[in-house]
Q: 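Sharing a structure here in structure tokens format.
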Amino acid sequence: MRFVLHRNDSGYDAERTGFHLLSSHRPDLIVPAATPEEVRQAVARAAAESLPVAVQATGHGVPLPASGGLLITTGRMNAVTVDPATATARIEAGVRWDQVIAEAARHGLAPLSGSSPVVGAVSYTLGGGLGLLARRYGYAADQVRAVDVVTADAEHRHVTPGSDPDLFWALVGGRGNFGVATALEIGLVPVDRLYGGALYFGTDLVETALHTWRGWTGSLPDEMTSSIAVIPFPDIEQVPAPFRGRTVAHVRIAYTGDVAEGEELVRPLRAIGPRLVDTVGELPYTASAAIHNDPTEPAGYFATHSLLRELPPESLDALLGVRGVIEVRHLGGALAKPQGAPNSVGHRDAAYFAAVLSPGLAPGTDPRALRPVHEAVREALSPWATGGRVLNFLYGENAGPDEVRRAYEPADYERLTALKSRWDPANLFRLNHNIPPA
Ligand SMILES: Cc1cc2nc3c(=O)[nH]c(=O)nc-3n(C[C@H](O)[C@H](O)[C@H](O)COP(=O)(O)OP(=O)(O)OC[C@H]3O[C@@H](n4cnc5c(N)ncnc54)[C@H](O)[C@@H]3O)c2cc1C
């Protein structure tokens with residue numbers, strides 16, 4: 001290891017602070033790893049000294065923050081190579097989606113990236129990965145071909161569905177519980193352009209937009225992936241003028257079929273009424289971040305979600321009037337029909353994902369104070385909820401063991417705990433979305 005950082009070292013705070021400003025690890029020791037060998041040495045040291053291990057790439061998905069232990073940061077491991085002949089990419093542990101998108105686009109290909117281009121590609125993929133093209137191509141996890149990983153015995157392994165089917169199944173979906181991934185090999189899809197973008201409707205059309213979008217999702221081809229958010233924008237200068245001080249409905253569109261067909265499909269949404277802004281049109285995949293327009297600056301946030309079996313009109317009452325941002329994503333399609341090697345991603349039968357997000361929380365805010373508001377929404381949605389969770393969207397206070405368990409099918413969770421007993425019996429990798437040994 002070239003260097004390690006202790007609590008009083010300069011650089012310690014900068015290294016441990018990631019995107020999520022209300023949830024930062026405070027480890028005893030940080031290993032800023034630049035190579036797989038440094039990851040291996042860090043795991044060996046943690047095992048020898050019985051220090052639990054946390055891992056961080058960008059800090060977008062920090063679980064319950066660690067106090068103590070050893071944090072491995074992976075931001076320096078950021079190489080991406082694309083093989084156009086096999087339509088695959090090799091991505092190192094610290095790679096962000098914008099890097100993969102740019103490299104893949106040079107060959108007319110795209111990864112199954114999500115709403116934000118600055119999220120870490122490896123953790124997103126190992127946690128499932130619900131992306132812009134989800135209904136057409138499934139979870140990002142479904143495209144994993146190989147995982148390079150340092151397991152708790154400090155061995156660096158190249159794991160494929162053929163080399164070790166059980167460990168591969170557990171790693172892909174079980175995220176950081178079975179080792180520190182140093183790189184992934186992932187499949188890319190033949191998409192270079194979309195019919196996509198965003199439709200923004202003003203306050204007076206929010207309710208109509210939500211109801212119309214809901215009905216519209218009932219009969220769509222798998223080529224159409226969409227979601228809707230209702231966002232109460234603050235009345236501040238940083239917010240673009242059309243949205244400032246208004247509650248806005250934001251419909252996100254990603255259609256991989258023909259442009260003319262896409263236009264026809266989106267017609268009922270445009271018929272809702274005048275848009276504050278309408279960017280839906282032919283779009284290179286390299287510009288796909290404009291579909292969700294997620295914030296890229298570090299922030300404090302608290303979020304809760306439910307997976308839903310159905311979204312009848314009355315379920316929308318639970319969402320309208322919420323203080324905070326709400327988001328509903330349309331699932332189904334290829335998400336429910338996995339191709340490729342089996343993985344442990346759960347709840348493929350859910351039809352919708354509904355989230356409440358409290359963004360822009362000032363440093364020092366106790367996110368637990370927001371729990372009653374969020375729980376009330378979840379309670380109101382309970383008649384249609386599956387009870388399941390999406391691992392990637394469990395953050396901070398909401399990433400405890402009970403919520404993590406809900407991210408998996410019950411039998412799969414049992415299998416994961418049994419495999420954890422085999423691969424990490426001391427639960428060295430526990431400062432994460434933890435699956436304890438059986
Ligand atoms: C603005 C925003 C938009 C998002 N959009 C989407 C979306 O569209 N779809 C979706 O599915 N998710 C989305 N997410 C969730 C995101 O995929 C997860 O939070 C993901 O874990 C982020 O990975 P990261 O590396 O950026 O974050 P980090 O906080 O660095 O990592 C999260 C956790 O992953 C584990 N981990 C990280 N690297 C490794 C590694 N190399 N080996 C083993 N374990 C590791 C660690 O336990 C770590 O605590 C979004 C999150 C945000 C904040």
Side-chain angles (χ1 to χ4, degrees), residues 20 23 25 52-55 60-66 69 123-130 139-142 144 151-152 166-181 302-309 329 331 335-336 338 342-356 367-368 371 374-375 377-379 381-438:
H20 192 344
S23 206
H25 295 304
V53 174
V55 188
H60 274 76
V62 184
L64 281 171
S123 168
Y124 165 103
T125 302
L126 293 180
L130 188 56
Y139 282 102
D142 301 340
V144 177
T151 40
D166 280 344
L167 182 57
F168 182 88
W169 177 86
L171 282 165
V172 183
R175 203 147 77 178
N177 277 287
F178 297 87
V180 184
F302 184 68
T304 311
H305 69 265
S306 290
L307 282 170
L308 306 177
R309 274 187 302 276
R329 296 191 187 203
L331 308 180
L335 293 166
N343 57 52
S344 45
V345 176
H347 306 302
R348 289 176 177 272
D349 53 346
Y352 295 89
F353 163 89
V356 191
R368 284 170 300 189
R371 194 183 287 284
H374 286 228
E375 286 305 325
V377 180
R378 212 142 69 173
E379 181 56 35
L381 286 172
S382 61
W384 309 283
T386 66
R389 302 282 182 261
V390 178
L391 194 78
N392 270 0
F393 294 109
L394 296 175
Y395 306 112
E397 288 296 327
N398 278 336
D402 288 343
E403 290 290 283
V404 170
R405 174 195 287 265
R406 283 167 172 260
Y408 302 98
E409 308 297 341
D412 287 351
Y413 186 80
E414 293 309 311
R415 184 177 167 197
L416 285 165
T417 60
L419 286 164
K420 179 81 172 174
S421 301
R422 176 169 158 214
W423 285 101
D424 182 17
N427 206 1
L428 187 69
F429 303 119
R430 63 176 175 273
L431 303 178
N432 53 19
H433 292 68
N434 196 228
I435 299 168

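Fair warning: this is a prediction, and the values are worked out from it, not measured in the lab. Position 1 is the first residue of the sequence; numbering continues from there.
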Q: Report the residues that fulfil ring pair (Phe, Tyr, Trp, His ring centres under 6.0 Å) with Phe429, sequence neighbours left out, ordered by chain and then residue number.
A: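 Partners of Phe429 under the ring pair (Phe, Tyr, Trp, His ring centres under 6.0 Å) test: none.
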Q: Who passes side chain to side chain contact (heavy atoms under 4.5 Å, CB included) against Val356, sequence neighbours left out?
A: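 Counting only residues at least two positions away or on another chain, Val356 forms a side chain to side chain contact (heavy atoms under 4.5 Å, CB included) with Val322, His374, Val377.
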Q: Which residues satisfy the side chain to side chain contact (heavy atoms under 4.5 Å, CB included) test with Pro342, sequence neighbours excluded?
A: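 For Pro342 the side chain to side chain contact (heavy atoms under 4.5 Å, CB included) partners, ignoring immediate neighbours, are Trp169.
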Q: With sequence neighbours left out, what residues match Asp166 under salt bridge (Lys or Arg N to Asp or Glu O under 4.0 Å)?
A: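 Asp166: salt bridge (Lys or Arg N to Asp or Glu O under 4.0 Å) contacts with Arg415.
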Q: Sequence neighbours left out, what passes ring pair (Phe, Tyr, Trp, His ring centres under 6.0 Å) with His347? Give chain and number order.
A: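 Counting only residues at least two positions away or on another chain, His347 forms no ring pair (Phe, Tyr, Trp, His ring centres under 6.0 Å).
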Q: Compare all side-chain heavy atoms of Asp424 with those of Leu419 and state whether any distance is below 4.5 angstrom.
A: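 No, every pair of side-chain atoms sits at 4.5 Å or beyond.
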Q: Would you please name every residue forming a salt bridge (Lys or Arg N to Asp or Glu O under 4.0 Å) with Glu375, sequence neighbours left out?
A: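 Salt bridge (Lys or Arg N to Asp or Glu O under 4.0 Å) check on Glu375 returns Arg378.
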Q: About how many Å separate CG of Asp349 and CG of Leu307, when rounded to the nearest 0.5 Å?
A: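 It is 8.5 Å, given to the nearest 0.5 Å.
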Q: Would you please name every residue forming a ring pair (Phe, Tyr, Trp, His ring centres under 6.0 Å) with Phe178, sequence neighbours left out?
A: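 Expected list: none.
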Q: Only pairs under 3.5 Å count here: list side-chain donor-acceptor contacts from residues 394-402, not counting sequence neighbours, and write none if there are none.
A:
from, atom 1, to, atom 2, distance (Å)
Asn398, OD1, Arg371, NH1, 2.9
Asn398, ND2, Ala303, O, 2.8

Q: Start with the C-alpha gap between Asn434 and Asn427, add the side-chain angles, then the distance that decides, and say whether side-chain contact (heavy atoms from CB on, under 4.5 Å) holds.
A: CA-CA 9 Å; Asn434 196 228; Asn427 206 1; 2.8 Å; yes
Q: Quick check: do Leu64 and His433 have side-chain heavy atoms less than 4.5 Å from each other?
A: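 SC-SC contact between Leu64 and His433 ruled out.
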Q: Look up atom OH in Tyr352 and atom OG in Ser306, then write down how far apart they are to the nearest 0.5 Å.
A: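 Here the interatomic distance stands at 15.0 Å.
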Q: Donor-acceptor pair, Thr386 side chain versus Arg309 backbone, under 3.5 Å?
A: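 Judged by distance alone, no pair lies under 3.5 Å.
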Q: For a quick test of reading the model, state the closest non-hydrogen atom pair linking Ile435 to Asn177 and the distance between them.
A: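 Minimum heavy-atom separation between Ile435 and Asn177: N-OD1, 2.9 Å.
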Q: State, to 0.1 Å, how close Tyr139 and Leu130 come at their nearest heavy-atom pair, and which atoms those are.
A: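 Where Tyr139 meets Leu130 most closely, the heavy atoms are CE2-CD1, 4.0 Å.
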Q: Applying salt bridge (Lys or Arg N to Asp or Glu O under 4.0 Å), name anything that partners Asp412, two or more places apart in sequence or on another chain.
A: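 Here no residue qualifies.
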Q: Dump the intermediate steps for side-chain contact (heavy atoms from CB on, under 4.5 Å) on Phe353 and Val390, then the final yes or no.
A: CA-CA 9 Å; Phe353 163 89; Val390 178; 3.8 Å; yes
Q: Of all heavy-atom pairs between Gly174 and Ser344, which one has the smallest distance, and what is that distance?
A: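 Taking Gly174 first and Ser344 second, the nearest heavy atoms are N-OG, 3.5 Å.
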Q: Sort and list the pairs that fulfil salt bridge (Lys or Arg N to Asp or Glu O under 4.0 Å) and have at least one residue in residues 426-438, not counting sequence neighbours.
A: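 Applying salt bridge (Lys or Arg N to Asp or Glu O under 4.0 Å) to every pair that reaches into residues 426-438, excluding sequence neighbours, yields nothing.
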Q: Can you see which heavy atom on Leu431 is nearest to which on Ala66, and at what distance?
A: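 Heavy-atom minimum between the residues: CD1-CB, 3.6 Å.
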Q: Determine, step by step, whether His305 and Arg389 satisfy the side-chain hydrogen bond (donor to acceptor under 3.5 Å, both in side chains) criterion, reporting the C-alpha distance in whole Å, the side-chain angles of both residues, the deciding distance to 0.1 Å, and the verdict.
A: CA-CA 7 Å; His305 69 265; Arg389 302 282 182 261; 5.1 Å; no
Q: Heavy atoms only: give me the nearest Ala152-Leu428 pair and the separation to one decimal.
A: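 Scanning both residues completely, I find the closest heavy atoms to be O-CD2, 4.1 Å.
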Q: Just do the side-chain contact (heavy atoms from CB on, under 4.5 Å) check on Arg175 and Asn432 with the steps written out, would you?
A: CA-CA 9 Å; Arg175 203 147 77 178; Asn432 53 19; over 6 Å; no
Q: Restricting to ring pair (Phe, Tyr, Trp, His ring centres under 6.0 Å), what partner residues turn up for Tyr408, sequence neighbours left out?
A: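 Ring pair (Phe, Tyr, Trp, His ring centres under 6.0 Å) list for Tyr408, sorted by chain: empty.
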Q: Can you tell me how far apart OG (Ser23) and CZ (Phe302) are? Round to the nearest 0.5 Å.
A: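 Taking OG in Ser23 and CZ in Phe302, the distance rounds to 10.5 Å.
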Q: Go through Asp142 and Asn343 one step at a time and tell me if the side-chain hydrogen bond (donor to acceptor under 3.5 Å, both in side chains) criterion holds.
A: CA-CA 7 Å; Asp142 301 340; Asn343 57 52; 3.0 Å; yes
Q: With Thr151, which residues qualify under side chain to side chain contact (heavy atoms under 4.5 Å, CB included), at least two apart?
A: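 Thr151 satisfies side chain to side chain contact (heavy atoms under 4.5 Å, CB included) with Val149, Asp153, Glu155, Arg157, Leu167, Trp423 only.
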Q: For a quick test of reading the model, state the closest non-hydrogen atom pair linking Leu381 to Ala354 and the distance between them.
A: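 So the minimum-distance heavy-atom pair works out to CD1-CB, 4.0 Å.
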